[in-house]
Each structure stands twice: as C-alpha cells, then as structure tokens.
Amino acid sequence: MENSYTNSFAKIYDDIMQEVPYQFWFKYLKDLLSYYNLEVESILELAAGTGNMTEELINLPKIKEIKALDLSSAMLERAENKLSQYELKNLKLEFVQADMTDFKFPGNFDLILSVFDSYNYLLTEKDLKESFSCAAEVLQKDGLFIFDMNSIKRINTIEEKKTMLEGENYSCLWEDIVNTKESVWQVKLQISPEDDKLPAFEEFHTEKGYEIKTIKKLLQQSGFKGVEVYRSFNFFKANDKVDRIYFVAALSEERLAEKKGFMTKLYFSIKNEFKYLLIGLKTIFKQTI
Ligand SMILES: C[S@@+](CC[C@H](N)C(=O)[O-])C[C@H]1O[C@@H](n2cnc3c(N)ncnc32)[C@H](O)[C@@H]1O
C-alpha cells in the first residue's frame, strides 16, 4: 500500500465517499449478528480508515471495546478526530496504526470486522493468509470474522476511464486502470489543492480480485473451519459473478450451523434488498436535480 492514503487523500476521503451508505452497511451487519446470535462487546475493526464504520459500531447496545486498526496514520488521525465528538462513557475506543497482515493483541474479540473492500488491498495469497491467521489468533471461540471484498468479476469489469472530482477545496483526477490478466485494479489519483500555486499530489491504489474458493481455502488454512459467503446485502449464497461478497467466518463449523432458519434469512434478505433499492433511487434522484 505504498504511496496511498497519504495526508492529501485522507483529507478529502470523506468528501469523495459521501454517498457511501455506511448506515445501511451497519444495518446489514446487525442482521448478520442477529442471525448468528452474536451479542458484541468487543470489536477489532481492520482497515478502519477515517472511522466511518466505527462511528456506527459505537451504537451497538452492549459494546464495551473497539480497536480500530489501519496502516495509514493520516486516515486514523481523521478517525480519531471524528470520534472525539462523542461522549463514550462505557466504551474503550483505541486507534492502532498497524499492518493487517501482522498484528497481535493480548485479549480476544467477539467480532473482527473489515468493510469497503479493504481486503482487496492485500495483493498476495501470502498476505491474506497472514492476516487471516492473525485474526484467528485474536477471535473469541464463538466470535465471528466478517469482511467484504470486491469480486474478481467486479475488478475485471471496471471500465477504464478518467473522472474529474470537484470538491470545495480541491479537484481530483481519478483514473481507473485494470489489468484483467492479473485481476488487478489500480486507481491513479492526482489531487490538486484549490491554491494552484501548490503542486498536484499523486497517489496509487491497488486492489486485487480473488476467486471465492481461494479466499475460503486461505481462511480454512488459517484456522477458520466455518465459512459462509453472502451476496451483499442479503443472505443468499454468493458466487464469483456478484459484485461484492460478504465472508462470515468462524473458528468452528458448528458456530455457523443454521441459527434462525430459512424464513429469517429470507426476511432479512428482502428487507435489505428493498432498502438498498431505495438508497439507489435516492442517489439517482439527487444526481438528476
Ligand atoms: C477503501 S479504504 C476503507 C476504509 C474504511 N474501512 C471505510 O469503510 O471507509 C481501505 C483502507 O485500507 C487500509 N489498508 C490498506 N492496506 C492495509 C494494510 N495492509 N493494513 C491495514 N490497513 C490497510 C487503507 O489505509 C484504507 O484506510
């Protein structure tokens, strides 16, 4: 992740991502937790970025501890500022600058979470396996490890193009570059501050797509005996053709054995699909007015 998520991008990240429906993602997460009967008291959030999901997680009713980890100190600094506005009485919130391929903590967590395709930033199977093994070491026996990824199909079908993003104090030239042979998507960003006397800043982001079977294999090799894959944002089984995949992993197979049955899955799926449709319509409506 060299030369990405520097201060220049961290500063404008929230503005660029303002349409990302974190609140909706949080609702889906709550449905997953409810389905698997997990009352969460402690969370390790991997690649927490500027804390947009952390800001939702603090609302979990029984939450007592959150560790938000990210490699970028610039992103974490934003997260820390954002979360400092809340009076968190019974919650220990900590920000940790670390690599998600190499971490260790004394305690165990009920939930290890990572959202917004942060796992696609790990570009080798070795890195993924190292990260999964670290996660397995710090997960409670009955805890869950939940993360999303862009599918291999999504990465390979991204259209190569340049887009100019204009903010209040910046402009940002966003260029998508795709290598379908390697299933690698690069974003080249040229960020120009409002003050055109200052030079433009360039950074690269790289994501890699993996087949579901590869991720499942690596999870299993790292100690996760139970793995379910869902299409975002429902409870139907994902395949490599959907865009975003949610992985739900547990240390034992039994932990993921059906908890609330098919009808609950169907109810959660319909509810979330409907909400997602509304969010899509709202975005289209905003863009047309
Ligand atoms: C697309 S952003 C997502 C951030 C946040 N999860 C969100 O939903 O807004 C990807 C994040 O992954 C972090 N990241 C990338 N590689 C990492 C690594 N090896 N270890 C820890 N964080 C990493 C980046 O710093 C960045 O904050």
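Quick caveat, the model's predicted, so the values are computed rather than measured.
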What distance separates [X] [atom1] from [Y] [atom2], expressed to the nearest 0.5 Å?
X      : Y      : atom1 : atom2 : result
Tyr28  : Asp148 : OH    : CG    : 9.5 Å
Glu159 : Asp176 : CD    : CG    : 8.5 Å
Asp127 : Phe132 : CG    : CZ    : 10.5 Å
Ile12  : Met17  : CD1   : CE    : 9.0 Å
Leu91  : Ile63  : CG    : CD1   : 6.5 Å
Ser73  : Phe95  : OG    : CZ    : 13.5 Å

If Ile, Leu, Val, Met, Phe, Trp and Tyr residues are connected whenever their side-chain heavy atoms lie under 4.5 Å apart, and connections chain through other members, are [X] and [Y] in the same group?
X      : Y      : value
Leu139 : Leu111 : no
Tyr121 : Leu128 : no
Trp185 : Tyr119 : no
Leu88  : Val96  : no
Leu219 : Leu122 : yes

Is it the case that the side chains of [Y] and [X] hold a donor-acceptor pair, with the cut-off being a distance below 3.5 Å and no angle test?
X      : Y      : answer
Lys141 : Asn108 : no
Gln97  : Asp70  : no
Thr101 : Asp99  : yes
Glu203 : Ser4   : no
Asn179 : Glu182 : no

Taking all atoms of both residues into account, what is the closest heavy-atom pair of [X] and [Y], and its distance?
X      : Y      : result
Phe224 : Val227 : O-CG2, 3.9 Å
His205 : Leu189 : NE2-CD1, 3.8 Å
Ser171 : Glu166 : CB-OE1, 3.2 Å
Phe236 : Ser269 : CE1-CB, 3.7 Å
Cys172 : Ile16  : SG-CD1, 4.2 Å

Quiz prompt | Distance under 6.0 Å and angle within 45° of ring axis: Lys208 vs Tyr210 | solution =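 Ring-cation test returns yes.
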
Thinking salt bridges, do [X] and [Y] make one under a 4.0 Å N-O criterion?
X      : Y      : value
Glu253 : Lys225 : no
Lys67  : Glu65  : yes
Glu125 : Lys129 : no
Glu41  : Lys64  : yes
Lys271 : Asp31  : yes

Practice problem: Fit a plane to each ring of Phe109 and Phe105, take the angle between them on a 0 to 90° scale, and name the class: parallel (under 30°), tilted (30 to 60°) or perpendicular (over 60°). | Solution: perpendicular

Exercise. Indicate the ring-plane relationship of Tyr230 and Phe235, choosing parallel, tilted or perpendicular according to the 30° and 60° boundaries.
Key: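 If you compare the ring of Tyr230 with that of Phe235, the planes turn out tilted.
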
Quiz item: Checking salt bridge (charged side-chain N to carboxylate O under 4.0 Å, His left out) against Asp243, which of Arg231, Arg154, Lys153 comes through?
Solution: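 When salt bridge (charged side-chain N to carboxylate O under 4.0 Å, His left out) is applied between Asp243 and each of Arg231, Arg154, Lys153, only Lys153 qualifies.
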
Exercise. Under the salt bridge (Lys or Arg N to Asp or Glu O under 4.0 Å) rule, collect the residues that match up with Lys213, sequence neighbours excluded.
Key: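 Only Glu211 meet the salt bridge (Lys or Arg N to Asp or Glu O under 4.0 Å) criterion with Lys213.
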
Exercise. Applying side-chain hydrogen bond (donor to acceptor under 3.5 Å, both in side chains), run through Asp14 and Thr50 and close with a yes or a no.
Key: CA-CA 8 Å; Asp14 283 354; Thr50 58; 2.7 Å; yes

Quiz item: Tyr246 and Phe233: aromatic ring centres closer than 6.0 Å?
Solution: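 Yes; Phe233 has its ring centre under 6.0 Å from that of Tyr246.
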
Quiz item: Centroid-to-centroid, Tyr276 to Phe24, below 6.0 Å?
Solution: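 Ring-ring flag for Tyr276/Phe24: true, centres closer than 6.0 Å.
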
Quiz item: Are any side-chain N or O atoms of Ser118 and backbone N or O atoms of Ser114, one a donor and one an acceptor, separated by less than 3.5 Å?
Solution: no

Practice problem: Would you confirm whether Glu137, through its side chain, and Cys134, through its main-chain N or O, come within 3.5 Å as a donor-acceptor pair? | Solution: no

